[in-house]
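Structure first, commentary second.
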Amino acid sequence: MNIFLTGATGFVGKKLTEELLNDDHRLYVLCRNEKKANMFINEIPPAFRKNVNCVIGDLSSSLLGLDMKEAENLKGKVEAIYHMAAYLSFDPEQHKETFDVNLEGTRRALEFSEKIECRRFLYVSTAYTVGMETAGKEELYSSERRFVNHYEESKNHAEHLVHSFKDRMEVVILRPSIIIGDSRTGEADTTFGVYGLLKAASLLKRKVSKKDGWEDNIYRFLGEKELRMNLVPVDYVAGVLKEALTLGENGKIYNITDPSPLKQKEIFQVVKEVLEFPNLELVPFSQKDKLSDLENSLNEALGIFKHYFTRELHFPCHNTLSLLKRAGKKQLKLDHDNLKFILGSYKK
């Protein structure tokens, strides 16, 4: 199959590219410039390079920056588009950039799909388009709600836009939760979420271990022990995205989430073991005023994730589990040992 991808140079995109090339698909990959195209091609095993064609362009322009001749050459040839490119920022000052890429860029990708007569469009969103509510579903969420940040809001609006095209082409919306490293290799390319915690705790250990007797003290991070946090390995996400290419149904939404997510205390225990830092302690946000200045400074660095540490969100994934069953694939089962391998490999 001939497949066009945006965002293929990102962490999830690279994993999906591997999956698709292993299935002998031919890929057209949107890259912002020649330098990024060359870097992308050089990371692909030589045996697969003949099936990859890098296309220079970006989401800020009509036809995604391709000229008319390039677009005409793709007309009727591309059978599916994966739109994964996104602007991931929680900074309220970057509202315009976030919406320009995540909403208007999606609009341009859909228009491009129509222009080249591609009949299948797979949109990679996020499970957190649920906003400030905690009960998720595999349906569109109203845009008339409060959101934690502009990223969530922009992706919510983009989902509505994609869904509005379902009578003009086949559209599939895929929503991963918090993406972590590869369950097979541990490879990761992020400082978000649990990796932000891992990085902050590692920095804390380096600072305090310079003083005698540091092992006798307790060092505190803020969290809610009993609340669950939904983590998904990147290879699991890429596997679902690949199966959705042929099994995803028009207009359906698929939450790529853990059906039995770990509690924060279980995740924190893994962080302690990976860092060999047993005197870390997870304390509730109600004890924030009891933290030392050092503890406060490191916890404040994680402040942008506070809403994800203080609420337990529920993401049903019946559509995804049904898709995996039809594909003959197993559902995710992330336990202590799996997570320790992933985080431990990242630390190394």
Side-chain angles (χ1 to χ4, degrees), residues 1-10 12-86 101 104-125 158 161-174 238-252 254 327:
M1 189 181 294
N2 292 323
I3 304 168
F4 191 99
L5 302 97
T6 75
T9 59
V12 175
K14 288 178 182 177
K15 295 296 177 180
L16 176 60
T17 297
E18 292 175 13
E19 296 272 1
L20 297 175
L21 289 174
N22 283 331
D23 283 356
D24 205 31
H25 294 294
R26 180 169 182 79
L27 310 184
Y28 295 85
V29 177
L30 188 71
C31 298
R32 284 201 298 270
N33 51 53
E34 292 286 353
K35 181 179 179 181
K36 283 189 173 292
N38 290 333
M39 290 173 60
F40 182 78
I41 285 290
N42 288 336
E43 291 180 1
I44 293 174
F48 290 120
R49 290 177 189 172
K50 61 179 174 47
N51 281 342
V52 179
N53 182 20
C54 288
V55 180
I56 307 302
D58 62 75
L59 296 177
S60 65
S61 307
S62 61
L63 292 180
L64 304 186
L66 280 69
D67 61 35
M68 288 297 296
K69 183 178 180 181
E70 288 177 304
E72 283 295 323
N73 287 339
L74 293 176
K75 195 170 183 177
K77 184 183 294 184
V78 174
E79 297 157 88
I81 289 180
Y82 280 99
H83 180 44
M84 296 176 285
V101 175
E104 297 309 316
T106 299
R107 191 186 309 279
R108 295 183 189 101
L110 286 161
E111 291 169 350
F112 174 76
S113 186
E114 281 197 308
K115 185 71 175 180
I116 65 170
E117 298 178 359
C118 176
R119 299 298 304 159
R120 191 161 177 81
F121 191 94
L122 298 101
Y123 176 59
V124 180
S125 183
L161 176 61
V162 171
H163 200 261
S164 72
F165 275 70
K166 66 183 177 64
D167 295 327
R168 296 152 71 174
M169 63 181 73
E170 294 181 350
V171 298
V172 180
I173 296 172
L174 301 126
V240 174
L241 296 183
K242 185 193 77 167
E243 299 302 340
L245 177 66
T246 54
L247 297 177
E249 297 178 42
N250 184 32
K252 270 199 174 180
Y254 298 84

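Basis for what follows: all heavy atoms, side chains included, without hydrogens, waters or symmetry-related copies.
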_Quick one, Phe48 with Leu27, criterion side-chain contact (heavy atoms from CB on, under 4.5 Å). Give me CA distance, side-chain angles, the key distance, then yes/no._
CA-CA 10 Å; Phe48 290 120; Leu27 310 184; over 6 Å; no
*When you look at Lys242 and Leu16, which way does the side-chain contact (heavy atoms from CB on, under 4.5 Å) test go after all the steps?*
CA-CA 7 Å; Lys242 185 193 77 167; Leu16 176 60; 4.2 Å; yes
*Stepwise, does the side-chain contact (heavy atoms from CB on, under 4.5 Å) test hold for Val55 with Leu64?*
CA-CA 10 Å; Val55 180; Leu64 304 186; over 6 Å; no
*asked:* Quick one, Leu66 with Leu30, criterion side-chain contact (heavy atoms from CB on, under 4.5 Å). Give me CA distance, side-chain angles, the key distance, then yes/no.
replied: CA-CA 10 Å; Leu66 280 69; Leu30 188 71; 4.0 Å; yes
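Residues Phe112 and Leu74 meet the side-chain proximity criterion, which asks for heavy atoms closer than 4.5 Å. By the 4.5 Å heavy-atom criterion applied to side chains, Met169 and Leu110 are counted as neighbours. Between Asp23 and Leu245 the shortest side-chain heavy-atom distance does not fall below 4.5 Å. Inter-residue side-chain proximity for Val171 and Tyr123 is flagged as unmet; no heavy-atom pair is nearer than 4.5 Å. Proximity of Val52 to Arg49: side-chain heavy atoms (C-beta onward) are nowhere separated by under 4.5 Å. Residues Glu114 and Phe121 form no side-chain contact, since every pair of their non-hydrogen atoms from C-beta on lies 4.5 Å or further apart.
For the pair Ala327 and Glu243, the tightest heavy-atom approach, listed with the atom from each and the gap, is CB-OE1, 3.4 Å. The heavy-atom pair separating Glu79 from Arg120 by the smallest distance is O-CB, 3.5 Å. Here the closest non-hydrogen pair linking Ile56 and Ala37 is CD1-CB, 4.0 Å. The shortest heavy-atom contact between Leu174 and Ala244 is CD2-CB, 3.7 Å. Heavy atoms only, all atoms of each residue included: Thr106 and His83 are closest at OG1-NE2, 3.1 Å. Across Leu59 and Ala85, no two heavy atoms sit closer than the pair CD1-CB, 3.6 Å.
From Ile173, atom CD1 reaches atom NZ of Lys252 across 13.0 Å, with rounding to the nearest 0.5 Å. One distance of note links CD of Glu72 with CG of Leu63; it measures 9.0 Å at 0.5 Å rounding. To the nearest 0.5 Å, atom CG of residue Asn53 and atom OH of residue Tyr28 are 6.0 Å apart. Interatomic distance, Lys50 NZ to Arg26 CZ, rounded to the nearest 0.5 Å: 9.0 Å. Note that the CD1 atom of Ile44 and the CD1 atom of Ile41 stand 4.5 Å from one another [nearest 0.5 Å]. Rounding to the nearest 0.5 angstrom, the gap separating the CD atom in Glu117 from the NZ atom in Lys75 is 4.5 Å.
Listed for the Asn250 side chain is a donor-acceptor partner under 3.5 Å among the backbone atoms of Lys166. Between the side chain of Tyr82 and the backbone N or O of Val124 there is no donor-acceptor pair closer than 3.5 Å. Remark: the backbone N or O of Asp67 is paired with a side-chain donor or acceptor of Glu70 at under 3.5 angstrom. At distances below 3.5 Å, at least one donor-acceptor pair connects side-chain atoms of Ser113 with backbone N or O atoms of Cys118.
Around the CE atom of Met39, the shell of radius 6.0 Å holds no more than 12 heavy atoms that belong to other residues, nucleotides or ligands.
Look at Glu111 and Arg108 and you find no salt bridge, because none of the NZ, NE, NH1 or NH2 atoms lies under 4.0 Å from a carboxylate O.
Evaluation of the salt bridge (Lys or Arg N to Asp or Glu O under 4.0 Å) rule for Arg32 yields no partner, not counting sequence neighbours.
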